Amino acid sequence: MSTSPHRPRRKVVVAALAAVTALGLSGCSDIVQRGFLPEQAPGATNHTDTVISLWNNAWIAALAVGVLVWGLLLWCIVVYRKRKGDNELPVQLRYHVPLELMYTFVPIVMIGVLFAFTSRSMGEIVDTSAEPDVHIEVVGKRWSWDFNYTDADVHYSGTQVVLTGQEGVAETLPTLYLPQGENVEISLRTRDVNHAFWVPGFLMKLDMIAGRTNAFQIVPQELGTFEGKCAELCGEYHASMLFNVEVVTPEEFEEKMAEYREAGNTGLLGPEYDTDQANVPSEEGEG
Ligand SMILES: [Cu+2]
């Protein structure tokens with residue numbers, strides 16, 4: 001009579017927990033599989049699977065280390081707890097060379113493994129040795145973006161968006177067009193301070209450093225609209241430095257290029273529009 005009321009309750013609790021866990025795992029297995037990364041990410045580009053597996057495996061390794069450390073901690077706390085009548089200090093260990101060597105080298109090995117896998121993936125992403133099908137230059141500027149479509153010799157010049165919080169602002173953002181299935185080399189530069197090119201759905205970002213050009217190649221695989229943003233605090237309206245990426249078919253891409261040409265957006269926007277150059281006319285500063 002004394003123990004029986006507890007058992008059924010415990011069984012119910014265990015069953016309920018199991019059901020919730022199973023439901024949670026089945027309901028969000030996609031989310032778990034992509035490591036809680038953006039919904040568009042899997043298959044979005046030729047690099048996203050690499051990034052997802054690096055991310056997931058790093059978490060699995062971290063969790064394994066965590067479980068081991070938590071387990072050892074709990075074990076020490078329970079087994080070596082102070083018992084009734086224990087009034088003496090236990091044996092104090094210090095300068096235990098094998099132990100110290102272990103906790104120096106094991107973390108070094110762990111960091112080394114993480115570094116090796118990360119470096120391999122990053123090397124793949126910023127590898128620009130292949131011959132690209134399309135060249136695009138993305139230029140960051142406070143607080144918008146210019147896109148030079150080098151091969152088509154057309155450009156798009158963005159203006160800073162005003163974030164009103166109203167619907168429809170997203171449609172007014174500067175849009176970078178990318179052709180699906182083609183190897184696009186994107187080179188990044190800035191007209192002023194440091195910015196960073198970030199498309200969360202592509203699972204990558206790359207800095208735009210004043211005075212240097214960074215580049216990467218990407219094959220967009222999924223059609224659709226992706227959000228882009230500046231990921232380097234670059235001043236007052238950094239949060240407004242947004243853009244859209246529109247992955248379209250190669251035919252639509254060519255149509256878009258023709259559209260720009262007809263609209264008179266011919267030629268590329270070069271460094272003459274940079275604001276941080278030594279030859280900026282001095283009148284500008286006085287105005
Ligand atoms: Cu910026």
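FYI, the numbering just counts along the sequence from 1. Read the numbers this way: they start at 1 and go in the same order the structure lists the ligands and their atoms. No experiment lies behind these values; they were computed from the predicted model shown. Reckoned from all heavy atoms, side chains included, excluding hydrogens, waters and symmetry mates.
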- [ ] May I ask you to check whether over 12 heavy atoms, not counting those of Q160, lie within 6.0 Å of atom CD?
- [x]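 Correct, the count exceeds 12.
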TODO: Answer yes if L233 and L188 sit in the same cluster of Ile, Leu, Val, Met, Phe, Trp and Tyr residues linked by side chain heavy atoms under 4.5 Å apart, and no otherwise.
DONE: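 Per the 4.5 Å side-chain linkage, L233 and L188 are not co-clustered.
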Task: NZ/NE/NH1/NH2 to OD/OE distance under 4.0 Å, R191 and D146 - done: yes
Open item on the list: Just to be sure I understand the site: which N, O or S atoms from the protein are less than 2.8 Å away from the Cu ion (ligand 1)?
Closed with: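 Protein N, O or S atoms closer than 2.8 Å to the Cu ion (ligand 1): H195 ND1, C230 SG, C234 SG, M241 SD.
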Task: Aromatic ring pairing Y260/Y177, orientation class (parallel under 30°, perpendicular over 60°, tilted between) - done: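 Rings of Y260 and Y177: perpendicular, as their planes differ by over 60°.
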Task: Non-hydrogen atoms of R189 and M208 that approach each other most closely - done: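 Closest pair (atom of R189, atom of M208, distance): O-CE, 3.4 Å.
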TODO: Please go through L163's hydrophobic cluster and name the other residues, only I, L, V, M, F, W, Y counting, with side-chain heavy atoms under 4.5 Å joining them.
DONE: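 L163 shares its hydrophobic cluster with V161, V169, L173, L242.
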